[in-house]
Amino acid sequence: MPDLLSVKNLKIEATSYPPGEPPKTVTLVENVSFDVQKGKVLGLIGESGAGKSTIGLSALAYGRGGAAITGGQVLLNGKDILTLGRDGVRTIRGCKVCYVAQSAAAAFNPAHKLGEQVIEAALRHKIMTRPEAEKRALYLFKVLGLPNPETFGDRYPHQVSGGQLQRAMTAMALCPNPELIVFDEPTTALDVTTQIDVLAAIKHAIEETHTAALYITHDLAVVAQISDDIMVLRHGKTIEYGTTKQIIEAPNEDYTRALVSVRQTKREEAKDQSNTLLKIDHVSAGYGNGFKVLHDVSMHLPKGQTLAIVGESGSGKSTLARVITGLLPPSEGTITFDGKQLPKALNGRSKEDLRRVQMIYQMADTAMNPRQTVRDIIGRPISFYYGLHGAKKTERVKQLLDQIEMGDRFLDRYPAELSGGQKQRVAIARALAAKPELILCDEPTSALDPLVAEGILNLLLRLQEETAVSYVFITHDIAIVRAIADSVAVMHRGKLVRFGPKSKVLTPPFDDYTDLLLKSVPEMEIGWLEKVLTTRRMESAGN
């Protein structure tokens, strides 16, 4: 069978503008080649900055962020799309080649109904009449397992869940009958139970429509479930390229072997649960219009230990973090910190209350000012809480950079000049600058590749040993829970369904929801997805 997409010796460059220096040309992708046949899926995997998304977008003859394709060929059905020119490229984008972004919420227009947006490309390219496009959309809603497919298109983006929106975006890409779809981390932001549904829907849709696909991710366990072949990338170069079976079961390169073998160690929990630092007592909270998100939640965290809060999207994990920090005052219940009841609202808390509780966010990109250097980002809490300036502040920033294993060579870099893992380390240093007793970690490794995430987790554990800081670690990754937690709280639809020492919570017998969570964690095993789906069908039939 001839190749649908053939990329040959691809080279992509960008121009950087270092402060006070002449512009520099940076090579993002160098000498990358691969082929994809109709109905097949190629997984592109690698750490942040490996060039995965840059390569994926080259299939649309597009270079984002000032990047330019400066060498090689991108052949679609034997024709080099890099030679088409601007008008020619417009005839294939959204038509022959479609793109599914990581954040479906950012990709849909909130002012328009989903159905209109799903059929827009098919109508604009005059591929179908409106009745034909609407019929096609309904078929795809059914294939992708969306609820009430006949009326689903009448909803607005805010009226559906994250997983449903991600499947709707896949329907939008499939609607014009493209030959190739580029999936750019489509399940990274989803919880494990939703991720399974979306992966299954994508795989089924590809099989039904015989569309070829590039599937970009940093999670090898995920790509193993959906890809026929895998290309491992690092620093814009191919490390290894082969069948999924070969890459998973018999990798040739050290870097690939390291990716395959990443397994967070299982930390033994602390035995003493008596010295309570944080106590959450019968807390309920919600947002406007009487909509309650948390329902009578109670848990506690001893000093120097880690409490992992797990649950799917919408379970109330991040809302609970907002209540703890005072960003969202609870409607009922209390938060007690080190024996003192905290004021419910942030503006009622003292400067010392604020210093003792800090937060590390999921997306370091959006949590930092892109116009500030690392020196400024870490230095601000040092000045705010301790009044240090000038040389003394710089010295403290250097100490923190050493503590997070980066060093003072990063002092004057901007966030855009850092990798994903480096940005998250800077976010950790900023939290540590206040010398807190509690740090809330809101999914801080979910957007990182496995090797970098492992480094961040090891750093957090080392810092805990050195400073006795306590963590509330919000996550949907059970492997992380096993690696770092002393106690675990499982939340579902705003309610606490299971709480206690890690050994007790993760040991059967389980309640139905905890059992579902544990069974939904992807494993580095070919055919795992089909096995899980088969088990679900059998259990459903038995009920």
Side-chain angles (χ1 to χ4, degrees), residues 18-20 48-49 267 277-278 301 303-306 325 337-338 349-445 447-448 451-473 483-484:
S48 176
R267 174 191 178 185
L277 175 69
L278 176 72
L301 168 64
K303 290 184 178 180
Q305 296 186 26
T306 299
T325 57
F337 188 82
D338 201 15
R349 298 187 183 184
S350 67
K351 191 173 183 178
E352 181 65 3
D353 291 336
L354 300 179
R355 181 195 67 77
R356 298 174 77 186
V357 180
Q358 296 292 311
M359 192 155 184
I360 301 169
Y361 296 92
Q362 179 177 358
M363 301 300 293
D365 278 323
T366 57
M368 294 181 188
N369 188 329
R371 297 181 180 232
Q372 290 185 344
T373 63
V374 169
R375 182 197 303 264
D376 298 326
I377 291 167
I378 300 176
R380 187 176 181 189
I382 295 172
S383 297
F384 181 75
Y385 290 113
Y386 297 102
L388 297 183
H389 299 280
K392 289 185 178 180
K393 181 171 83 169
T394 298
E395 184 58 33
R396 176 62 179 144
V397 173
K398 288 180 180 179
Q399 290 174 3
L400 287 161
L401 284 171
D402 287 338
Q403 202 170 6
I404 61 166
E405 302 166 353
M406 285 180 67
D408 59 10
R409 70 184 186 278
F410 290 93
L411 270 172
D412 296 312
R413 295 196 190 179
Y414 290 88
E417 298 174 291
L418 305 175
S419 70
Q422 288 167 348
K423 288 174 191 172
Q424 203 57 279
R425 285 173 184 262
V426 169
I428 293 169
R430 179 173 60 182
L432 290 171
K435 297 182 181 177
E437 291 155 60
L438 172 65
I439 298 178
L440 303 173
C441 306
D442 192 356
E443 306 251 21
T445 60
L448 303 175
L451 291 176
V452 175
E454 186 179 41
I456 294 294
L457 291 176
N458 289 336
L459 171 63
L460 289 170
L461 289 172
R462 179 177 63 78
L463 292 170
Q464 189 174 54
E465 291 174 1
E466 294 174 356
T467 66
V469 67
S470 300
Y471 298 130
V472 170
F473 204 102
I484 67 165

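If you're wondering where the values come from, they're calculated on a predicted model, not measured in any experiment. Just so you know, these numbers use all the heavy atoms, side chains as well, and skip hydrogens, waters and symmetry mates.
Proximity of Met406 to Val374: side-chain heavy atoms (C-beta onward) are nowhere separated by under 4.5 Å. Inter-residue side-chain proximity for Thr306 and Cys441 is flagged as unmet; no heavy-atom pair is nearer than 4.5 Å.
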- [ ] Give the C-alpha distance, both sets of side-chain angles, the deciding distance and a yes or no for side-chain contact (heavy atoms from CB on, under 4.5 Å) between Ile439 and Leu432.
- [x] CA-CA 8 Å; Ile439 298 178; Leu432 290 171; 4.1 Å; yes
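A distance of 9.5 Å separates OG1 in Thr325 from CG in Leu354, rounded to the nearest 0.5 Å. Rounding to the nearest 0.5 angstrom, the gap separating the CG atom in Leu301 from the CG atom in Leu438 is 6.5 Å. Atoms CG and NZ, from Leu278 and Lys303 in turn, are 12.0 Å apart once rounded to the nearest 0.5 Å. Put simply, CD on Gln464 and OG on Ser470 are 6.5 Å apart, with the number rounded to the nearest 0.5 Å. Distance check: Leu277 CG to Gln305 CD gives 10.0 Å after rounding to the nearest 0.5 Å. Atom CZ in Arg396 sits 12.0 Å away from atom OG in Ser383 (nearest 0.5 Å).
For the side-chain contact (heavy atoms from CB on, under 4.5 Å) test, residues two or more places apart in sequence or in another chain that qualify with Tyr386 are Arg355, Leu388, Lys435. Listed by chain and number, the residues in a side-chain contact (heavy atoms from CB on, under 4.5 Å) with Glu466 are Gln403, Arg462, Leu463 (sequence neighbours excluded).
Gln424 pairs with exactly one of Ile456, Leu418, Leu459, Ile404 by the side chain to side chain contact (heavy atoms under 4.5 Å, CB included) rule, that one being Ile456. A side chain to side chain contact (heavy atoms under 4.5 Å, CB included) with Phe410 holds for exactly one of Glu417, Gln422, Arg425; it is Gln422. The only option from Thr394, Ile428, Leu411, Val426 that meets the side chain to side chain contact (heavy atoms under 4.5 Å, CB included) definition with Ile378 turns out to be Val426.
With a 6.0 Å radius and a threshold of 12 heavy atoms from other residues, nucleotides or ligands, Tyr361 has its OH atom at or below the threshold.
Using a distance-only test at 3.5 Å, with no hydrogens or angles considered, no donor-acceptor pair links the side chain of Thr373 to the main chain of Arg413. Remark: the backbone N or O of Gly387 is not paired with any side-chain donor or acceptor of Lys392 at under 3.5 angstrom. Side chain of Tyr471 to backbone of Ile484: no donor-acceptor contact under 3.5 angstrom is found.
In terms of heavy-atom proximity, Val357 sits nearest to Pro436 at N-CB, 4.5 Å. Nearest heavy-atom pair across Ala431 and Ile360 is CB-CG1, 4.0 Å. Residues Tyr414 and Pro370 approach most closely at CD2-O, 3.5 Å, considering heavy atoms. For the pair Ile377 and Pro415, the tightest heavy-atom approach, listed with the atom from each and the gap, is CD1-CG, 3.8 Å. Contact record, Tyr385 with Lys351: CE2-O, 3.6 Å, taken as the closest heavy-atom pair.
Residue pairs meeting the salt bridge (Lys or Arg N to Asp or Glu O under 4.0 Å) criterion with at least one partner in residues 368-389, sequence neighbours excluded, are Arg375-Asp412.
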